[in-house]
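To start, the structure under review is shown below, and the notes come after it.
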Amino acid sequence: MMDDSSLAKPPRMDAWVRLQKASTAVLDRVEAKLKADGYPPLSWYDVLLELRRADQKTLRPVEIEKRILLAQYNVSRLIDRLVAASFAEKLKAPNDGRGVVVRLTSQGEELLSRMWPAYEAAVKQEFSEKMTDADADDLMRVLGKVLP
């Protein structure tokens with residue numbers, strides 16, 4: 001016989017489901033607002049931002065993958081699109097003749113600067129304005145328990 005304590009409690013499972021649905025819904029609405037303003041997908045912004053944060057604005061594709069949590073095949077295609085749009089460039093990796101690194105270009109920097117106000121406004125409208133500071137503190141506390 002199974003012990004009931006080993007099963008997920010209904011309110012906790014409901015919270016899990018709601019977290020997943022809320023995350024997807026908010027991201028979809030933020031992305032739709034960016035698209036309506038003529039910007040590329042949010043994933044482009046995320047990769048370019050990670051490149052900006054990196055030493056020499058350069059990362060290996062595997063480092064990008066780890067930072068943005070996309071599957072490798074998605075990252076490879078995304079990098080190719082960013083390179084084709086001149087927002088990033090691929091270079092031979094130093095000390096590794098077969099490896100490559102990805103570096104942010106000035107056009108990528110410019111896109112980040114232009115996109116940020118629209119991104120920030122969308123996040124405010126779709127997320128942060130829907131809660132109080134106390135709500136945000138509670139959410140951060142709870143999420144802090146599940147993040148490594």
Side-chain angles (χ1 to χ4, degrees), residues 8-9 11-148:
K9 304 288 188 220
R12 293 176 189 166
M13 187 54 73
D14 291 346
W16 166 254
V17 171
R18 186 169 283 195
L19 174 66
Q20 299 308 310
K21 286 181 178 181
S23 177
T24 299
V26 170
L27 283 172
D28 287 350
R29 291 193 307 260
V30 167
E31 183 123 36
K33 289 182 183 306
L34 290 174
K35 184 177 182 180
D37 287 343
Y39 292 111
L42 189 54
S43 58
W44 288 37
Y45 184 90
D46 290 342
V47 170
L48 296 174
L49 183 62
E50 290 304 330
L51 289 171
R52 178 192 277 170
R53 291 175 173 165
D55 288 340
Q56 299 176 7
K57 299 179 183 183
T58 303
L59 291 169
R60 291 180 176 272
V62 69
E63 293 170 315
I64 294 171
E65 178 186 353
K66 288 178 185 175
R67 291 180 184 211
I68 63 169
L69 305 176
L70 292 177
Q72 177 61 43
Y73 67 90
N74 288 334
V75 171
S76 296
R77 287 188 218 158
L78 180 53
I79 289 169
D80 289 343
R81 289 184 187 113
L82 291 169
V83 169
S86 300
F87 296 131
E89 59 185 346
K90 284 185 184 178
L91 306 167
K92 287 188 178 224
N95 307 321
D96 181 359
R98 294 185 294 168
V100 297
V101 293
V102 181
R103 183 169 63 195
L104 183 65
T105 64
S106 59
Q107 293 94 329
E109 284 274 10
E110 182 183 317
L111 177 63
L112 282 170
S113 295
R114 281 183 314 180
M115 266 182 94
W116 171 244
Y119 184 22
E120 181 182 34
V123 170
K124 281 181 181 177
Q125 182 179 2
E126 297 300 331
F127 182 73
S128 60
E129 289 178 353
K130 298 184 184 318
M131 66 181 75
T132 65
D133 287 346
D135 292 336
D137 289 342
D138 288 344
L139 184 58
M140 291 292 292
R141 182 183 49 75
V142 170
L143 293 176
K145 292 178 179 183
V146 297
L147 288 173

Heavy-atom count check: over 12 atoms from other residues, nucleotides or ligands less than 6.0 Å from [X] [atom1]?
X   : atom1 : answer
Q20 : CD    : yes
R67 : CZ    : yes
Y39 : OH    : yes

Kindly compute the distance separating [atom1] ([X]) from [atom2] ([Y]), expressed to the nearest 0.5 Å.
X    : Y    : atom1 : atom2 : answer
K66  : R60  : NZ    : CZ    : 11.0 Å
I79  : E65  : CD1   : CD    : 9.0 Å
L49  : L111 : CG    : CG    : 11.5 Å
K92  : N95  : NZ    : CG    : 13.5 Å
D133 : M140 : CG    : CE    : 12.0 Å
K33  : L42  : NZ    : CG    : 13.5 Å

Can you find a heavy atom in the side chain of I64 that is under 4.5 Å from one in the side chain of L51? yes
Check whether any side-chain heavy atom of I68 sits under 4.5 Å from a side-chain heavy atom of S43, and report yes or no. no
Restricting to non-hydrogen atoms, name the atom on [X] and the atom on [Y] that form the minimum distance, rounded to 0.1 Å.
X    : Y    : result
Y119 : L34  : N-CD2, 3.6 Å
A88  : V102 : CB-CG1, 3.8 Å
T105 : S86  : OG1-O, 2.6 Å
V75  : P61  : CG1-O, 4.0 Å

Kindly determine whether R52 and E109 satisfy side chain to side chain contact (heavy atoms under 4.5 Å, CB included), including the steps that lead there. CA-CA 8 Å; R52 178 192 277 170; E109 284 274 10; 3.1 Å; yes
With the threshold set at 4.0 Å, does a side-chain nitrogen-carboxylate oxygen contact exist between [X] and [Y]?
X    : Y    : result
R53  : E50  : yes
K124 : E129 : no
K90  : D80  : yes

Ring geometry between W116 and Y45 (parallel below 30°, tilted from 30 to 60°, perpendicular above 60°): parallel
Could you go through the side chain to side chain contact (heavy atoms under 4.5 Å, CB included) check for L112 and F87 one step at a time? CA-CA 10 Å; L112 282 170; F87 296 131; over 6 Å; no
Determine, step by step, whether K21 and T24 satisfy the side chain to side chain contact (heavy atoms under 4.5 Å, CB included) criterion, reporting the C-alpha distance in whole Å, the side-chain angles of both residues, the deciding distance to 0.1 Å, and the verdict. CA-CA 5 Å; K21 286 181 178 181; T24 299; 6.0 Å; no
Do the side-chain N and O atoms of D135 and T132 include a donor-acceptor pair separated by under 3.5 angstrom? yes
